Every structure is written in C-alpha cells, then in structure tokens.
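Here's the structure, in structure tokens; my notes come after.
This one's a predicted model, so the numbers in the text were calculated from it and none came from an experiment. Order of the sequence lines sets the chain letters (A, B, ...), proteins ahead of strands, with each chain counted from 1.
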Number of protein chains: 2
Amino acid sequence: MNKAGKPTTIKEIARKLRISPSTVSRALNDHPSIGLVTTMRVKKLAEELNYEPNQTAIFFKQRKTFTIGVILPKLSEPFFASAISAIEEIAAEKKFTVLLGQSLDNPERELNIINSFRTHRVDGILMSLGKNTIDMGFVERLHKYEIPIVFFDCVPENIDVPKVYCDLSTGIHEAVKAFVERGHKQIALINGPETLNATGERTFSFKNALLDNGLTFDEKYVVYSELTEESNYKAMEKLRALDATPSAILAFNDYVTFDIIKYAKENGISLGRDIQVISFANYSLWKYMDNPPLASIEQYPAEQGAKAAEILFEMLENKDLEISIPDQILASKLVYQ
Amino acid sequence: MNKAGKPTTIKEIARKLRISPSTVSRALNDHPSIGLVTTMRVKKLAEELNYEPNQTAIFFKQRKTFTIGVILPKLSEPFFASAISAIEEIAAEKKFTVLLGQSLDNPERELNIINSFRTHRVDGILMSLGKNTIDMGFVERLHKYEIPIVFFDCVPENIDVPKVYCDLSTGIHEAVKAFVERGHKQIALINGPETLNATGERTFSFKNALLDNGLTFDEKYVVYSELTEESNYKAMEKLRALDATPSAILAFNDYVTFDIIKYAKENGISLGRDIQVISFANYSLWKYMDNPPLASIEQYPAEQGAKAAEILFEMLENKDLEISIPDQILASKLVYQ
DNA sequence: TTGTAAGCGTTATCAC
DNA sequence: GTGATAACGCTTACAA
C-alpha cells in the first residue's frame, strides 16, 4: 500500500530502489541470477510497502487462474454439501480457489454458470449434473476451450469424459441380501421418476439382486414416485394394495424414507416389525431416530468429490486433456446405523 | 476460437475487418458512437469466431473481478450450506461469482483464505467467523485494501464493521414463555463452551427470559458442555443430580438435542412427558422423529446470508466503504414442528 | 464515426 | 548480475 492508497507495484519498488522492474520481479521470485544483496534489498522494501503481487495481472499474463469451478444442483443438499466441502479442502491444499455455482437442476442455469466459469478462465471444472440436463453440448465446447471437466455423482452417459460415480449395484445387492437373510420374501422398491438415470439403475440392480438371491422379480413390486410427499404416499398405498404386501422396502433416498416413516406412523404400521426399510443415504441422523431404516446404502459424496478433484488436478498438472481416463467407480456399501 | 486453437481476440476481429481494435471493443460494448453497420459487422464476425471477452484481461484492467469471497467454518454444516446457497443465488442475480473458503474453525486457515481472496482481488467478502478466531486484525487490513467485508451469523464484537446476525433473545423469550405456559418451573439451559460468545448470549437472554416470566434465575440450571457426546451426557447427569430436576431444557443446538434424545432413550426418560426440550435449529427434520423437541429456535441462515450479501452489494455499488452501517439484527423465532 | 496510443502489472527474451 | 523492451487482451482519452 502506498500513500495514494493503491496497492504497491513492482514498478514502485523498482523506482524507489533505482533498479529495473525486471530485477525486482526476479528478486521476488528468487531467480538465481540476481545477487543476494539486491534480492534482500528488494524483499525488504517489498515487505515494508506491503507489496502483494497483483494476481489478476499474473492470471492474465499466465493464462492460468489457479481456480476451479464446481457446479452442483443444490448446495443445501447435505449430499452435495459434503462433496463441496471435500473438494474445497483438496483445492486449498493445491493452493487453488473454488468458484461455486448451483444449478438448481435448471439446465439454463447450468449453461450460464459454465459460461461464467469459462469467461472467468477457470482452469478446470467439476460438475454433478442436474436432473433435467439433456443437452450435453457444453462438454465439447469446453473441450475446444481446453478446459478440462470431471463429472461426479450424477454423470453423463455415452460421453467419453472423466467420471466418478458410485456403483449402486453393490449396495443394492447387499441390501437385498440383508432382507433375504431376515426372511423377507416380498421386497419392494420405491423408485424415483422413470425419467432419471438413477431410477433405471436402481431397477436394474434391484432385479439382478433379487435373482441372485434366489427370488423372482415382479414388476409390481417396483413403484415409481415423483418424490413429493403425496407421490411417496401413493407409492406406499400401491404397495399395500398388493396381494402379498411387501415386508421390506428399498427406498429411493432418505427423503422417501422420511415419508415412509411418516406414512407408517399415520397408518399404524410398525416400522421394523411390519415393514423394514433400507434407504439410500443423504442424511446420517438415523441413529437419533426411534424407527430408523434397517440400514442405508452409502454413496460417499465426499469421496466422490475428492476423487473427482484429484483427477482434475492430475489433468491440470499433466495437461493430458486427450487421454481418456477410465471411469472411477466407487462401490456403494450397506451401512448399519 | 481460431485455427491456432486459441481464443479469438478483439485484435483478430479488427484485423479481419480492417478496422481498429478500439472500434471493435466499442462495437461489442454497444458504444453509441459506433455506426450501426459497423456494430453489426463486428458482432456478426465475433459470433462466427466464437469470440468471448477475456475476463482476466478485463479484471486486470478494470480492477474489478465481479467476484465475492465467502468464508464459512464448514460447508457441510446444514446451517452454512443453506446460507451459502442463498448467497450464491443472490450473487448469480448480480452476475457475480462466488469464491469459497472453509475455515474449519481454524484461524490460520481463515487468514490464508482471506489472503488468497485478496490476491484474487475479490470485490468483497462475506464471512462467518470460526469459533477460535481472536485476532481480528485482518479487518483493518482489508479496509486498507478497500475490500469491503460483511459478517454474518458469527460476527465480531467491538468492531465497527457491517454485521448481520440473529438476535437470540426473542426466540429464547418465546421458548421460556412456552415452557412456563406448560407449567414448567425448573427450566435448564445446556449451554456451549464458556469461551464462545454464543454461550454468553444464551445465558444472558435465558436469565432475562426467566425473570421476565416471573421465575428466578439459578446458576445451577445452566450447565456448560464442550458439545461432544460425552460432555453432553455429563451435562444431562449434572441436571439430573439437582435437587429439583428440571422438567424443561433449552439445548445449545440440535446436536446437543440429539444427544439428549439418545440419553433419554438410554435412561428411560420419556421426552415430552418427563422432560421437554427446545433447541436451536440447525437441522429441520424433526417432523420425522418420534420424540422431537417441543419447538426450535430458528436462526434463519439463508436470510442472514442473503441480507449480508445484499449489504455487500450495496457497498460495492455505492463505494460507501466509510459510512458505518447499523447492525442488521434478525429476530430469532420459536418454531413448532 | 473511427483510429491512435497509452496503460493496467507482470514476466520472458534478449542484450549488455 | 542487471536492464530495456515487448507482450498478454482490453479499454479509453485524445486525435482526427
């Protein structure tokens, strides 16, 4: 800071020391060719004047911003909150800063954020897709601009781009096995909207898991919910209307489970005795509840975010935009509370 | 993008159109002095070449980055997650991007983040202090650099700086009143560590609320916890050891409440009948629980974040770094689930 | 209405 | 070991 109230610049230091700006620059960067004395003098004055390099100038010159952008559907979702938390920690280690954008599942917002990130010249992007994203054209555009992007959790299909996601089949298998071991024969799945990938994935693995455990798969035991309370209740009613009412339910996520718990309470169903539930984890407060699900399928948001960040930083360090990185698939796991 | 694979620049457009870069710049920025025809030609070519202004150059030149930094203790805390979520939405409206840093309650990390933000030349900072921050010297430093900062939720005392926080006294008064109306005479407070401001504030308001409701204040009914499960249990035991066991407890936060619930379960205490609890909200899932607290004192994280962001943007627009802005105090409120 | 030129702060290249 | 100069891409007086 100088008397004019403006940040000190290299030029100023140079003027005061009657040496050239380039010498100052080199001295500050410990360039070997600069004499020890000069270096010391420069550093001393820089200290005194509270010199701080103007990063915007450096960014501009070096075409690198030491910044990564992270795009998530919603930050207030615990799942994404812990992902971003992990990402920020890794970025901080690497001396990178994190630009943040939330899409709120709106494809238009997603594109706006990406554009904003691009004009901010972020060095790379981490992204978890919103539910409604169809057009993936932006991936190619980013590639043209040589901005690497790594997807995690909600990742695009059929595009050769680095991805980190959780394989639900392992957790679903464990869940069904746990149910079977407890003697359940009628196992249902309350799934999400049929349009979601996550939904198809669950149905697929659920079917396999049933067959692998010596049960038959009956479509009727898979009901689809729009994930509103009303829709979740309807799903429960559909299941209760079946000839052989299921005694075990795999729920799309914890929010569905909450509604199942509420529904059960209101309808005199005893959770744990009449019906057992296993859920996909977003919350982890079950231990405080009286009627928690039997277990949860953990999808490791922090680990996914961290892994994605690591891959991104590796790409940034090696400039290997072209080599295609194999999908990083974390196994989901059944976790008892 | 041009054939060299580099982003198109204004110079390139100028060269191709055989006009000067300044004309191109002006045309792209709809400068009134440029003829309509020229403007159109420029814009058309810019479009064709996928021209995108290099923001790093603009940031550098204009000494403004359209970026705000947000510093929070921990992103995975639902309280802060919803604050940042609200902040991001407001920033997006203003076409600002959000730089993110989490202090993890570590003062050193806080300073690192602030330095990083400063070198990134953020236009302003929003911050919620970590629990252990003592040295507030950075505020003055930021002031010198003319970087406005607005605090929210966990704000510094005795410093003239814009602050947004929630006044707990209103909620605590309502809580005590609610207890009294239900016939409770022995009301306890399980408080946080004595070193925290938040703790002193609660004691202070709790005392006043008791007196205002015609009860007496007895220090023994305020116990301090380190907020670990063990410490929370000890707090409960202290209360149970009192001559007149409290029938109502005000809990420092929802985590404490969770432990109270757990403790009660394990010790055959019926929540709701033997003991009623009111908590300070960080989670909002009580409706799904069997033994929820009677009510929660809501502190409106999203509103606090939003308000702080608004103040910051106002400061940025008016460059009014000097006028001191009166504290923005939101009333906390007792909310029944 | 348009062009010229300077400058933002830093660093890389070349020269001495 | 140090200095001069140019360059990054854009904006903006000032000139024309």
Side-chain angles (χ1 to χ4, degrees), chain A residues 1-2 4-43 45-46 49-66 118-123 145-146, chain B residues 1-2 4-43 45-46 49-66 118-123 145-146:
Chain A
M1 248 6 168
N2 53 27
K6 287 192 183 172
T8 308
T9 69
I10 280 188
K11 281 187 193 170
E12 251 178 87
I13 299 179
R15 199 158 1 94
K16 295 212 165 126
L17 255 32
R18 296 172 187 286
I19 56 180
S20 87
S22 33
T23 305
V24 175
S25 170
R26 284 185 276 235
L28 290 170
N29 291 295
D30 290 312
H31 195 283
S33 75
I34 302 295
L36 191 60
V37 197
T38 320
T39 306
M40 296 303 274
R41 286 179 63 218
V42 168
K43 288 201 171 176
L45 186 60
L49 299 176
N50 288 314
Y51 169 76
E52 305 244 7
N54 182 338
Q55 289 291 359
T56 63
I58 297 176
F59 293 163
F60 167 49
K61 181 142 220 305
Q62 311 209 323
R63 298 139 173 286
K64 193 153 175 354
T65 58
F66 301 95
R118 202 175 53 201
T119 54
H120 273 256
R121 295 290 203 269
V122 295
D123 294 329
Y145 286 97
E146 301 186 53
Chain B
M1 258 348 177
N2 53 27
K6 288 194 182 171
T8 309
T9 69
I10 279 188
K11 280 188 197 169
E12 252 178 86
I13 299 180
R15 198 158 3 94
K16 295 212 167 128
L17 255 36
R18 296 170 188 284
I19 58 182
S20 88
S22 42
T23 305
V24 176
S25 168
R26 284 187 274 241
L28 291 170
N29 290 295
D30 289 312
H31 195 286
S33 75
I34 302 295
L36 190 61
V37 197
T38 320
T39 304
M40 296 302 275
R41 284 180 62 218
V42 168
K43 289 202 171 177
L45 185 58
L49 298 176
N50 287 314
Y51 170 75
E52 305 244 8
N54 181 338
Q55 288 292 357
T56 63
I58 297 175
F59 293 163
F60 168 49
K61 178 132 226 307
Q62 311 211 323
R63 297 136 171 291
K64 197 158 177 339
T65 58
F66 301 96
R118 201 175 55 203
T119 53
H120 272 256
R121 295 288 203 272
V122 295
D123 295 328
Y145 287 97
E146 301 186 54

Open item on the list: What's the closest nucleotide to the side chain of A:Gln62 if the choices are C:dT11, C:dT10, C:dG7?
Closed with: C:dT11
Task: Nearest listed nucleotide, side chain of A:Arg26, among C:dT2, D:dT11, D:dG3 - done: D:dG3
Open item on the list: Stacking between C:dT10 and A:Phe60, yes or no? Criterion: centroid separation under 5.5 angstrom, plane angle under 30 degrees.
Closed with: no
Open item on the list: What is the separation between atom NE2 on B:His120 and atom P on C:dT10, rounded to the nearest whole Å?
Closed with: 15 Å
- [ ] Would you kindly compare B:Thr39 and A:Ile10 by the position of their nearest DNA chain C nucleotide and give the one closer to the 5′ end?
- [x] B:Thr39
Task: Nearest to side-chain heavy atoms of B:Thr9, which nucleotide of C:dT11, D:dG9, D:dT2 - done: D:dG9
Open item on the list: Measuring from the side chain of B:Ser20 (C-beta onward, heavy atoms only), which nucleotide among C:dG3, D:dG9, C:dT13 has the closest atom?
Closed with: C:dG3
TODO: Using whole Å, report how far CD1 of A:Ile19 lies from P of C:dT11.
DONE: 14 Å
Task: B:His31 NE2 - D:dT11 P separation (whole Å) - done: 11 Å
Task: A:Lys11 side chain, from C-beta outward: closest of C:dT10, D:dT11, C:dT2 - done: C:dT10
Task: Protein-nucleotide distance (A:Ile34, atom CD1; C:dA12, atom P), rounded to Å - done: 13 Å
Task: Side chain A:Ser22 and base D:dA4 donor-acceptor under 3.5 Å - done: yes
- [ ] Please answer whether the main-chain N or O of B:Phe66 pairs with a side-chain N or O of B:Asp123 as donor and acceptor at a distance below 3.5 Å.
- [x] yes
TODO: Just call it for A:Thr56: base, sugar-phosphate, or nothing, with non-hydrogen atoms closer than 4.0 Å on any strand.
DONE: nothing
- [ ] Can you tell me the distance, in whole Å, between the CG atom of A:Leu17 and the C1' atom of D:dT2?
- [x] 13 Å
Task: Atom of B:Tyr51, atom of B:Leu28 and distance for their closest heavy-atom approach - done: CE2-CD1, 3.5 Å
Open item on the list: Ring of A:Phe59, cation from A:Arg121 - is the NZ or CZ under 6.0 Å from the centre and inside 45° of the axis?
Closed with: no
Open item on the list: Nearest whole Å is fine: how far is D:dT2 P from A:Arg18 CZ?
Closed with: 17 Å
TODO: Provide, to the nearest angstrom, the distance between the CZ atom belonging to B:Arg121 and the P atom belonging to C:dG9.
DONE: 9 Å
Open item on the list: Tell me whether B:His31 contacts the main-chain N or O of B:Ser33 through its side chain, where contact means a donor paired with an acceptor under 3.5 Å.
Closed with: yes
Task: N or O in side chain of A:Arg63 less than 4.0 angstrom from D:dG9 OP1/OP2 - done: yes
- [ ] Among the candidates C:dT1, C:dG9, D:dC10, find the nucleotide nearest to the side-chain atoms of A:Asn54.
- [x] C:dG9
TODO: Would you check if there is a donor-acceptor pair between the side chains of B:Ser22 and B:Ser25 at a distance under 3.5 Å?
DONE: no
TODO: Please tell me which of the listed nucleotides, C:dG3, D:dG9, C:dT11, lies nearest to the side chain of B:Lys61?
DONE: D:dG9
TODO: Compare side-chain N and O positions of B:Thr23 against OP1 and OP2 of C:dG3 and report whether any pair is under 4.0 Å apart.
DONE: yes
TODO: Mind calculating the distance between CD1 (A:Ile13) and P (C:dT11) to the nearest angstrom?
DONE: 11 Å
Open item on the list: Of the options C:dT2, C:dT11, D:dT2, whose atoms approach the side-chain atoms of A:Ile58 most closely?
Closed with: C:dT11
Open item on the list: Assess the residue pair A:Lys43 and A:Asp30 against the criterion (salt bridge (Lys or Arg N to Asp or Glu O under 4.0 Å)); give the C-alpha distance rounded to whole Å, side-chain angles, the decisive distance to 0.1 Å, and a yes or no.
Closed with: CA-CA 10 Å; A:Lys43 288 201 171 176; A:Asp30 290 312; 2.7 Å; yes
Task: Distance test, side-chain N/O of A:Thr38 to OP1/OP2 of D:dT2, below 4.0 Å - done: yes
